[in-house]
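Contents: one structure, followed by commentary.
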Amino acid sequence: MQRWKRILSWIGLVIAVAIGGLLLSIPFDALIGSGRVAALTNTTIPGPAGPIRAFVAQPDTPGPHPAVIMIHEWWGLRPDIIEKATALAADGYLVVAPDTFRGASTTWIPRAIYQVTTTPLEQVQADLDAVFAWLTARPDVLADQIAVIGFCYGGRMSLLYTLHNPAIAATGIFYGMATVDPGALGQIRGPVLGIFGGADASIPLSEVEQLERNLKAAGVDTRFLIFPDQPHAFVGGIESINAGGAPGEAWQALRAFLSEALRQTPASQLPLPAGSPGSSAGSVWGMLHHRFVCGW
């Protein structure tokens with residue numbers, strides 16, 4: 001009996017140390033990564049609680065231009081978002097990628113969870129309102145042609161922000177999900193593009209299909225693409241996009257969508273991925289990600 005007590009005590013101690021280490025890792029990561037966002041941004045935008053840092057990519061051609069608000073993943077603003085914003089600007093859009101975590105960016109999952117769970121939705125909406133107002137006041141922006149797109153957490157926020165601000169002209173959701181009142185979807189005035197992976201362990205395909213049905217039932221121009229056998233967050237930086245495959249197809253779908261929605265330039269039929277949707281079998285990681293990103 002004494003032996004088992006000692007074993008259980010050691011197990012409890014190991015668990016307590018592990019939990020304590022994870023908790024301490026969050027402020028440590030914040031300390032060593034304090035300059036990450038500043039190094040990636042080139043603009044500050046007046047916000048409700050002080051300046052909002054952002055990366056702005058501008059076209060080389062004269063304006064005014066359609067604009068795109070690009071929202072980062074749960075990691076915060078990182079180089080892959082800067083790359084994608086720059087690539088879209090080459091298509092003739094003024095793209096702004098704001099820091100919605102107010103200075104926080106990480107590659108460490110515990111801190112990513114902390115960032116999402118401690119950032120109030122109302123705060124993010126207010127900051128995006130400030131970004132939207134900043135865009136509409138610019139003479140080189142077409143104020144009625146502003147889209148919002150996002151990835152993962154940013155995909156979820158894109159949908160929620162469009163519901164918050166019906167002036168958004170088009171919405172792009174990359175593997176993001178939110179529980180919303182189906183009756184509220186009718187206020188969305190622009191088209192919605194959804195990009196999802198068929199093997200995403202974070203977002204069940206049943207939820208994707210239900211959101212698509214609800215949007216269509218509300219009369220929203222809805223275009224959802226499910227890429228077979230692709231996991232969550234399969235569209236990375238520009239290098240992976242340029243390599244082709246599913247990331248390249250998804251990016252081309254976004255380009256065609258924005259061209260039609262913001263430039264009123266008829267695009268050829270959106271590329272449809274070949275094959276079956278695949279299986280979105282769950283995992284412990286998927287359940288955690290769904291809880292903290294999709295359920296926040």
Side-chain angles (χ1 to χ4, degrees), residues 37-38 40-59 61-74 76-77 81-82 84-86 88-89 91-105 115-116 118-151 153-174 176 178 180 184-193 220 254 257-258 261-264 296:
V37 172
L40 291 173
T41 53
N42 58 9
T43 304
T44 57
I45 297 170
I52 300 166
R53 288 190 174 275
F55 175 79
V56 175
Q58 302 186 55
T61 56
H65 308 283
V68 177
I69 300 172
M70 182 180 290
I71 308 176
H72 53 72
E73 297 180 322
W74 73 336
L77 202 58
I81 293 294
I82 305 306
K84 289 192 277 266
T86 302
L88 272 190
D91 284 346
Y93 306 100
L94 191 147
V95 185
V96 54
D99 161 35
T100 73
F101 290 150
R102 295 186 177 176
S105 177
Q115 289 173 169
V116 171
T118 59
T119 303
L121 173 61
E122 296 76 15
Q123 173 183 303
V124 179
Q125 303 279 38
D127 285 355
L128 291 175
D129 280 341
V131 172
F132 185 84
W134 179 79
L135 281 172
T136 59
R138 290 179 63 108
D140 58 346
V141 169
L142 296 168
D144 61 345
Q145 297 297 322
I146 299 175
V148 60
I149 66 172
F151 304 83
Y153 150 87
R156 179 179 189 272
M157 284 308 311
S158 294
L159 175 60
L160 293 179
Y161 187 65
T162 299
L163 289 170
H164 171 79
N165 179 4
I168 291 294
T171 306
I173 304 168
F174 280 76
V180 298
L185 296 173
Q187 65 185 313
I188 298 176
R189 73 174 181 89
V192 174
L193 172 69
V220 178
L254 173 66
F257 171 76
L258 290 176
L262 299 184
R263 296 182 175 282
Q264 287 74 52
W296 169 55

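Basis for what follows: all heavy atoms, side chains included, without hydrogens, waters or symmetry-related copies. None of these values were measured; they are calculated from a predicted model.
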Point to revise | Steps toward side chain to side chain contact (heavy atoms under 4.5 Å, CB included) verdict (Thr100, Thr119) | key: CA-CA 9 Å; Thr100 73; Thr119 303; 5.8 Å; no
Looking only at heavy atoms, what is the nearest atom pair of [X] and [Y], with distance?
X	Y	result
Ser105	Gln115	N-OE1, 3.4 Å
Leu262	Ala170	CD2-CB, 4.3 Å
Pro191	Phe257	O-CZ, 3.5 Å
His72	Tyr153	O-CD2, 3.3 Å
Phe101	Trp74	CE1-O, 3.3 Å
Leu258	Tyr93	C-OH, 3.3 Å

I need the [X] [atom1] to [Y] [atom2] distance, nearest 0.5 Å.
X	Y	atom1	atom2	value
Leu159	Ile173	CG	CD1	4.5 Å
Asp127	Ile52	CG	CD1	4.0 Å
Arg156	Leu121	CZ	CG	6.5 Å
Thr171	Met157	OG1	CE	12.0 Å
Leu135	Ile69	CG	CD1	5.5 Å
Asp91	Arg263	CG	CZ	7.5 Å

**Study point:** Cationic tip of Lys84 above Phe174 ring, under 6.0 Å, 45° of axis
**Key:** no
Exercise for review: List the steps and the verdict of side chain to side chain contact (heavy atoms under 4.5 Å, CB included) for Arg53 and Leu77.
Suggested key: CA-CA 10 Å; Arg53 288 190 174 275; Leu77 202 58; over 6 Å; no
Review point. Please walk me through it: do Ile81 and Phe151 pass side chain to side chain contact (heavy atoms under 4.5 Å, CB included)?
Key: CA-CA 9 Å; Ile81 293 294; Phe151 304 83; 3.9 Å; yes
Validation row: [X], [Y] side chains within 4.5 angstrom (heavy atoms):
X	Y	value
Leu128	Ile71	yes
Val192	Thr162	no
Thr43	Val96	no
Leu163	Leu185	yes

Review point. Is a side-chain donor or acceptor of Asp144 paired with a backbone partner of Ala169 at a separation under 3.5 angstrom?
Key: no
Check your understanding: Going through the distances and angles, do Val148 and Phe132 end up as a side chain to side chain contact (heavy atoms under 4.5 Å, CB included)?
Key -> CA-CA 10 Å; Val148 60; Phe132 185 84; over 6 Å; no
